[in-house]
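First the structure, in the form of structure tokens, and then the observations on it.
Here is the naming used below: chain letters follow the sequence lines, and residue numbers restart at 1 for every chain.
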Protein chains: 2
Amino acid sequence: MISNSSKYAVKAVLYLALNSSESHKILAKDISSPTNIPKAYLAKVLQELSRHNIVSSVKGPGGGFYLSEDNKKIPIMKIIHVIDGDNRLTSCMLSLQECDEENPCPMHDLVGNTKVNFVKNLEQNTVEDLVEDIREGKSFLPL
Amino acid sequence: MISNSSKYAVKAVLYLALNSSESHKILAKDISSPTNIPKAYLAKVLQELSRHNIVSSVKGPGGGFYLSEDNKKIPIMKIIHVIDGDNRLTSCMLSLQECDEENPCPMHDLVGNTKVNFVKNLEQNTVEDLVEDIREGKSFLPL
DNA sequence: CATATAAAGGATAAAAATGTCTTTTAATCT
DNA sequence: AGATTAAAAGACATTTTTATCCTTTATATG
């Protein structure tokens, strides 16, 4: 579905969304333990997210990672795009160049609107939206 | 979304569905060219599919691969399951053990019914169904 | 300024996925 | 039976993904 790295990325971002703020930054190693993501690898993923302004970071004492208000408005799909590239979820299921809405391949056709909606949801929903769902008890994040 | 190997598998099965029969078997190498799948690797994939009775095969002169009537009734999802394992598409997007319908994770909740329908389509539609769509011009298979 | 802190970056390592090649087994045909 | 055909199986090579470790850079504080 999505890569392991993207799962790590989404988990880490949600963890930050729930537990950090500009005045309460969190160290990579302190995200690693509760989320069960290998420390050094998570650091790499966070680095990549930081480079693309999906998470915010500050070096040195009192530093760490956190989400700015802007970061919280980022759609989940963007996290996945940064880590997995653009086509993993959105391209035709058989990776056929010639396949599009006009000339759909059999899988494209089969999957139809369900996949379109699926992707649309990921594009429209932001980190903030997911946090709200968690806060309202609509969903849970068992890390 | 699904692995390269699964894409190869689905392509090869569809190719067989469209071009082979018990009285007209096709060699692995003759599927390789039109589908642009590496010959030796395709052979491996077909071997695996054959072992799981998703395609039929006969050794020796006049032999090759083909789809029996039973093979054509196999749901697309089964092809994917044999190659990718059971959980790639169906498990929770974050691979959380504790996530289910009762206690959905935020992604689970987000994706909601769209993913369920997506998977359901793959489970319900058979090779035969896709072939029919192609024959009726509802979809195209540009290999 | 010196020191400690913590992310950024670079170099490797390990594992999994993808791909290739060679040998073996089963079937057909003369 | 012997020769030929084609899948099955096994061994190996390459690439990508995942993971670790070490060094460098930026920041804060005494």
Side-chain angles (χ1 to χ4, degrees), chain A residues 1-13 16 20 22-33 35-68 71 80 82-85 87-88 95, chain B residues 1-13 16 20 22-33 35-68 71 80 82-85 87-88 95:
Chain A
M1 182 61 64
I2 60 177
S3 72
N4 239 301
S5 302
S6 270
K7 289 176 191 176
Y8 290 168
V10 172
K11 276 195 206 180
V13 168
L16 284 172
S20 80
E22 184 155 9
S23 59
H24 180 65
K25 308 186 183 67
I26 306 188
L27 308 188
K29 63 174 179 185
D30 293 333
I31 304 174
S32 163
S33 321
T35 54
N36 287 309
I37 303 171
K39 190 165 65 78
Y41 195 60
L42 173 62
K44 284 289 174 201
V45 171
L46 286 171
Q47 201 174 301
E48 189 76 9
L49 294 176
S50 174
R51 200 177 305 131
H52 288 86
N53 300 308
I54 287 173
V55 304
S56 303
S57 70
V58 173
K59 289 183 182 178
F65 295 92
Y66 67 100
L67 296 194
S68 68
N71 292 154
I80 297 172
V82 163
I83 304 294
D84 283 349
N87 298 53
R88 183 145 186 162
S95 303
Chain B
M1 180 62 65
I2 60 177
S3 72
N4 240 301
S5 302
S6 270
K7 289 175 188 175
Y8 291 168
V10 172
K11 276 194 202 180
V13 168
L16 284 173
S20 80
E22 184 155 9
S23 59
H24 180 64
K25 306 185 184 67
I26 305 188
L27 308 189
K29 63 175 178 184
D30 294 332
I31 304 174
S32 163
S33 320
T35 54
N36 288 308
I37 304 171
K39 190 164 66 75
Y41 195 61
L42 172 62
K44 284 288 174 200
V45 171
L46 285 170
Q47 201 175 301
E48 188 75 10
L49 294 176
S50 172
R51 200 177 306 133
H52 287 86
N53 300 308
I54 286 174
V55 304
S56 302
S57 69
V58 173
K59 287 183 183 179
F65 294 93
Y66 69 99
L67 295 195
S68 69
N71 292 153
I80 296 171
V82 162
I83 304 295
D84 284 350
N87 298 52
R88 184 145 184 161
S95 304

- Item | Distance in angstrom units between B:L46 CG and D:dA9 P, rounded | 13 Å
- Item | d(CG, B:N4; P, C:dT18) in whole Å | 5 Å
- Note on the structure: Regarding the side chain of A:R51, the nearest nucleotide among C:dA7, C:dG9, C:dT18 is C:dG9
- Is B:I83 touching bases, backbone alone, or none of the nucleic acid, heavy atoms closer than 4.0 Å? nothing
- Query: When the distance from OH of B:Y8 to P of C:dT18 is rounded to whole Å, what number comes out?
  - Reply: 8 Å
- Taking OP1 and OP2 of D:dA8, is either one under 4.0 Å from a side-chain nitrogen or oxygen of B:S50? yes
- Message: Looking at B:S32 and B:I37, would you say the former's side chain and the latter's main chain have a donor-acceptor pair under 3.5 Å?
- Response: yes
- Task: Answer yes if the side chains of B:T35 and B:K11 hold a donor-acceptor pair under 3.5 Å, and no otherwise.
- Result: no
- Query: What does B:I26 touch in the nucleic acid at a heavy-atom separation under 4.0 angstrom: a base, only the sugar-phosphate, or nothing?
  - Reply: sugar-phosphate
- Message: Is a donor from one side chain sitting under 3.5 angstrom from an acceptor on the other, for A:S5 and A:Y41?
- Response: yes
- Note on the structure: B:H52 NE2 to D:dA8 C1', in whole Å, measures 15 Å
- Query: B:K25 has an atom NZ; how far is it from atom P of C:dA26, in whole Å?
  - Reply: 18 Å
- Query: Looking at the side chain of A:F65, which of D:dA6, C:dT20, C:dA7 is the nearest nucleotide?
  - Reply: C:dA7
- What nucleotide among C:dA27, C:dA6, D:dA8 has an atom nearest to a side-chain atom of B:P61? C:dA27
- Item | Minimum-distance nucleotide to A:K59 side chain [options: C:dA8, D:dA6, C:dT18] | C:dA8
- Query: Whole-Å distance between C:dT20 P and B:K29 NZ?
  - Reply: 17 Å
- Message: Please confirm whether the shortest side-chain N or O distance from B:Y41 to OP1 or OP2 of C:dA17 is below 4.0 Å.
- Response: no
- Task: Step through the shown structure and confirm whether more than 12 heavy atoms of other residues, nucleotides or ligands are within 6.0 Å of NZ on B:K25.
- Result: yes
- Item | Spacing between B:K39 atom NZ and D:dA7 atom C1', to the nearest angstrom | 12 Å
- Task: With heavy atoms under 4.0 Å as the rule, sort B:A28 into base, sugar-phosphate or nothing.
- Result: sugar-phosphate
- Query: Under 4.0 angstrom, heavy atoms only, what part of the nucleic acid is A:K44 near: base, sugar-phosphate, or nothing?
  - Reply: base
- Message: Is A:S5 close enough to D:dT18 that one of its side-chain N or O atoms is under 4.0 Å from OP1 or OP2 there?
- Response: yes
- Query: Of B:L42 and B:R88, whose closest DNA chain C nucleotide lies nearer the 5' terminus?
  - Reply: B:R88
- How many Å lie between CD on B:Q47 and C1' on C:dT20, as a whole number? 14 Å
- If you round to the nearest 0.5 Å, how far is CG of B:N71 from CG of B:L49? 10.0 Å
